[in-house]
Amino acid sequence: MENNTESLFAAQALESPCALAAALAPHASAGHFDELRGRVSEGPAEAAAPAQQPVLRAAGSAPEAPSQQAHAPSADDDTLSPEWTRFFNFLGADGFYDLNHRTANLRRQIRDNGVTYNVYADANGPQRPWALDLFPMMVSAGDWAHIEAGIQQRARLLDRVMADIYGPQELLSKGLLPSALVHAHPGYLRGMQGVQPAGGTYLHIAAFDIAHGPDGRWSVVSQRTQAPSGLGYLLENRLTISLLFPEAFREMKVERLAASYKALVDGLKAMSPGDSHEESRVVLLTPGPYNETYFEHAYLARFLGLTLVEGSDLLVRDDKLYLKTLRGLERVHGLLKRLDDEFLDPLELRSDSTLGVPGLLQVIRAGNVLVVNTPGSAFLESSALLGFLPALSEHLLGETLALPSLATWWCGEQAVMQDVLGQLKNSVIKPTYPGSGMESVIGHTLSRRALDEWAGRIVRRGEDYTVQSYLPLPQTPTWQGERISPRSAMLRVFAVADGNGSWQVLPGGLARLAGKNENMSSMQHGGSSADVWVLGDPSENRAATSTRTEQPAPGWAAAPLRHRPPVTSRAAENLFWLGRYTERSENSTRLAQITLQCLGGEDQTSQPLLAWLTSMAVGNALVLDTVPPATQARRVFERALIANLADTEQAASVGFNLRALKSAASAVRERLSQEQWHMIVRTEADFFQRCAIFSAVTPAGAASAAGHSQHQSQHQGHTQSQSQSQSPLAAYPLEYSSVEALRALESASGFLSAMTGAQTDRMTRDDGWRLLSVGRLIERLNTLAGALVRGFETGSVFEEGGFNAMVALFDSTITFHAQYQQRRDIPALLDLLVLDRDNPRSLGWVVQTLRGRLAKLAGSAPGDLPDLAMELPDPGSWALADLCQGSSACEDDKGGEGDEDSASGSRHYVHLIQLLDQCCDAALDLSDTLSRRYFSHAASGSQSLGA
């Protein structure tokens with residue numbers, strides 16, 4: 001490929017990648033540490049104005065005239081730091097061509113992996129993609145050694161502080177820590193006073209937000225101990241960015257992360273209570289799929305090999321914690337929580353919480369479960385505590401803090417308050433306690449009047465405020481499409497207890513970047529993130545050790561340990577409904593296609609066919625029962641069906657089922673591959689995008705004329721509707737495109753086929769998958785048996801159009817033509833759609849397979865047919881002669897649609913109708929029985945603490 005580097009820039013040719021990077025990157029703002037250059041910035045006067053900076057151009061474009069070019073700063077004035085020099089040297093000058101392409105790949109991977117962070121979670125709204133910058137943040141080996149030692153020391157210190165506060169409270173009695181910062185803090189839990197946690201360690205994970213000051217020193221800005229977020233996102237960042245810069249990642253000897261995660265899990269299991277012969281079970285407690293960081297919860301659970309649970313999955317009995325699974329109650333020894341302490345136990349904390357477990361604190365007090373972190377650590381997160389940590393370190397550890405905090409003053413002490421009132425202009429005002437609704441206020445952004453007002457508040461209630469010295473955040477380079485732009489950054493690093501009484505610091509962290517011209521890094525306020533590369537010593541050869549894996553113990557190959565994770569009742573229920581909504585989406589999509597094709601086809605005047613289509617569409621919620629039937633107003637019926645395709649409010653049509661499918665899948669996201677989840681998201685998004693044309697109707701359209709909304713019960717599968725007394729036909733809009741609707745349905749059908757393949761071939765055959773399959777089969781049995789009943793009741797199967805539509809609904813058109821050519825007799829129809837146990841769409845195959853799935857569910861004795869399966873009819877006893885008993889069609893080998901009177905033909909198939917009704921009733925009864933036995937455990941009649 002021809003090298004067009006010289007034509008890329010408006011500046012004169014640059015000799016090295018570093019000079020190129022320096023020319024593209026303005027200096028950091030004045031007073032901020034410039035991470036790219038490794039020193040404090042003197043301000044924008046050093047850099048050219050934006051209009052004069054070199055601009056990255058497309059290959060082959062002509063450079064600007066020399067008179068318009070700005071001279072690049074000399075190497076003496078604009079030298080990059082050693083870390084960034086190495087990075088850009090590995091990138092090479094040609095690599096700048098590819099940065100926009102790599103950015104596009106990054107965004108595509110984030111989207112395909114479903115990485116999200118929701119500022120405000122919305123059950124029906126789109127999820128916000130995770131924001132990740134292309135360039136990593138660099139930390140030198142020397143800096144990291146200093147950070148690592150300081151963070152380990154602080155983690156030990158915080159654990160000792162918490163042990164004292166919930167123990168002898170010597171720090172309070174000696175005045176080393178004001179009582180108001182503990183007892184007045186809502187995060188201090190009096191119910192935990194005097195409790196010794198399982199394993200003897202109070203903290204297992206601690207996060208610290210640190211930043212480079214203008215002097216080049218690292219300082220701690222804040223700390224998080226309740227449920228610090230970021231452990232999953234930083235791992236996803238690493239996996240994404242390392243693939244985009246593989247050579248630089250390898251040659252710069254970036255420290256690996258996996259060992260710290262393994263140490264965390266090993267430590268949790270080692271400190272969990274339980275019998276020596278019993279393997280410790282550790283679960284991850286999440287608030288649920290609507291939490292803003294739910295992606296991280298599912299991601300961590302999958303990566304760490306933990307079971308993802310919600311509060312409803314757990315219960316307390318005899319001062320022990322249990323997990324509700326398909327195989328009954330199983331003991332839980334460790335709980336990695338991702339919700340704040342106040343929601344943990346509605347019996348002792350917030351009574352309105354539905355996220356926690358009644359009686360959990362009692363289990364902790366009894367020493368029967370390890371909770372990470374021990375409830376009651378929230379007071380450690382108060383900014384006011386930072387000002388007291390130097391003295392606490394001297395007292396508890398006999399050590400000076402290696403990593404200092406920003407200068408911090410709690411205004412609850414009168415002398416301190418008077419000293420800081422004059423410094424508010426150069427400080428940040430923070431709330432001492434959570435729950436006040438106050439956000440941090442930067443003093444230099446306030447007017448004189450506003451500063452006076454804040455001073456008045458502090459004088460009146462000084463204990464509620466903490467003042468911290470203002471730190472201009474360091475600015476790290478980010479790629480912004482044509483040039484490198486500095487962004488303010490905060491680095492969050494994590495310390496984890498390894499179970500051996502020591503702490504490991506994750507070699508890296510989560511860099512949070514502020515927006516342009518901002519100095520506050522917050523994901524809640526629309527910030528972004530960056531991977532963090534802790535670099536190895538260039539003089540050391542560590543290539544061999546970095547890729548070394550643990551050697552298995554002797555005998556490992558002969559006797560491998562196989563851990564089969566339990567299937568929780570909640571996960572089982574959501575998998576069951578994932579299967580039902582997948583099948584329901586397929587059925588409604590196929591039925592809508594058949595209906596639209598028939599309404600515009602050769603048989604559109606067939607009254608039996610139109611009656612069957614109307615009955616099926618209403619019964620499957622494609623249209624409301626207030627819509628005039630197709631036998632009376634075919635065009636109105638067609639318009640209503642199209643209008644309802646993507647309607648999730650007034651009808652439970654295709655769009656409703658796709659959205660319900662995604663909702664069920666999101667609740668078990670940790671059990672689905674990235675490809676499966678991406679397919680589910682794409683299916684819904686593609687369908688609604690294609691149907692957008694149908695939503696551009698006036699409020700007086702078909703949807704509003706159809707009546708009140710229908711509600712589809714998720715746990716019983718019944719459809720209820722409320723009708724209006726009037727249905728004004730004139731309210732329907734005149735133009736609908738059945739062709740566009742069929743295209744949308746065809747696209748959805750293709751996606752659903754791929755989704756079905758993933759469920760069939762990409763999931764482990766455990767009880768969760770069996771229930772997913774059972775859900776699909778129940779839905780298929782109920783829908784198809786009901787369709788046959790309506791076909792005989794309306795007489796549509798006795799006419800060619802209705803006959804063909806029935807075979808198409810069973811997705812058996814090709815099979816039928818291959819086996820029966822052009823025959824149109826009822827015995828052939830029943831043989832293929834009811835009796836043929838090699839046809840996966842026949843009722844015989846569905847019931848036979850359903851009985852087999854039920855036989856392998858938890859609690860079923862090997863070789864015995866369980867009572868659940870006994871409730872289903874036995875397809876082995878079905879015979880064609882019985883199903884056609886009394887029918888003239890059975891006696892005529894030639895058959896034909898003329899052998900039966902369409903108005904009364906169903907009377908000749910009494911036994912068939914009885915069998916089909918039995919199948920429908922058995923499907924609904926089986927759904928209810930499964931719910932009682934495996935999901936709600938109502939059959940056990942057991943009572944848990946707080947029930």
Side-chain angles (χ1 to χ4, degrees), residues 587-656 687-688 690-710 719 721 723-749 787 790-791 793-796 799-806 808-809 902:
N587 292 338
S588 61
T589 299
R590 187 176 298 109
L591 178 59
Q593 286 177 292
I594 293 171
T595 303
L596 291 176
Q597 290 165 353
C598 289
L599 291 176
E602 294 181 348
D603 300 294
Q604 56 183 280
T605 59
S606 170
Q607 290 298 302
L609 174 58
L610 295 178
W612 180 72
L613 293 175
T614 300
S615 178
M616 289 296 298
V618 172
N620 288 273
L622 295 184
V623 297
L624 300 180
D625 57 6
T626 55
V627 174
T631 53
Q632 297 178 10
R634 184 177 53 82
R635 285 288 290 162
V636 172
F637 184 84
E638 179 183 15
R639 293 168 183 173
L641 187 147
I642 294 175
N644 288 336
L645 284 178
D647 186 359
T648 61
E649 298 296 331
Q650 298 198 33
S653 187
V654 179
F656 178 94
F687 183 76
F688 280 97
R690 289 177 179 272
C691 291
I693 186 174
F694 309 137
S695 63
V697 297
T698 61
S704 62
H708 290 168
S709 63
Q710 291 185 339
T719 302
S721 64
S723 62
Q724 287 181 326
S725 58
Q726 297 181 354
S727 179
L729 305 184
Y732 291 95
L734 295 178
E735 295 300 330
Y736 273 100
S737 173
S738 59
V739 174
E740 291 298 327
L742 284 169
R743 288 176 180 172
L745 292 167
E746 182 181 3
S747 177
S749 180
R790 291 185 174 99
E793 289 177 344
T794 60
S796 65
E799 298 190 356
E800 183 176 359
F803 191 102
N804 293 336
M806 184 68 71
L809 182 62
S902 62

Roughly how far, to the nearest 0.5 Å, is the [atom2] atom of [Y] from the [atom1] atom of [X]?
X: Gln593; Y: Arg743; atom1: CD; atom2: CZ; value: 13.5 Å
X: Gln604; Y: Gln597; atom1: CD; atom2: CD; value: 13.0 Å
X: Phe637; Y: Thr595; atom1: CZ; atom2: OG1; value: 6.5 Å
X: Arg790; Y: Leu613; atom1: CZ; atom2: CG; value: 12.0 Å
X: Leu596; Y: Leu591; atom1: CG; atom2: CG; value: 9.5 Å
X: Leu645; Y: Phe688; atom1: CG; atom2: CZ; value: 10.0 Å

Check: Which atoms form the tightest heavy-atom contact between Gly791 and Met806, and what is the distance?
Finding: CA-CE, 3.7 Å
Beyond-backbone contact of [X] with [Y], side-chain heavy atoms, under 4.5 angstrom:
X: Leu610; Y: Leu599; value: yes
X: Asn620; Y: Asn587; value: no
X: Leu622; Y: Asn644; value: no
X: Met616; Y: Ile594; value: no

Margin query: With side-chain contact (heavy atoms from CB on, under 4.5 Å) as the test, pick out the partner of Val623 among Ile642, Val636, Val618, Thr614.
Written below: Val618
Checklist line | Donor-acceptor pair, side chain of Ser749 and main chain of Leu745, under 3.5 angstrom | finding: no
Checklist line | Main-chain N/O of Ser796 paired to Glu799 side chain as donor or acceptor, under 3.5 Å | finding: no
Check: Above 12 or not: heavy atoms from other molecules or residues under 6.0 Å from CD of Glu746?
Finding: no
Next item on the list: Determine, for Glu638 against Arg635, whether the closest basic-nitrogen to carboxylate-oxygen distance falls under 4.0 angstrom.
Entry: yes
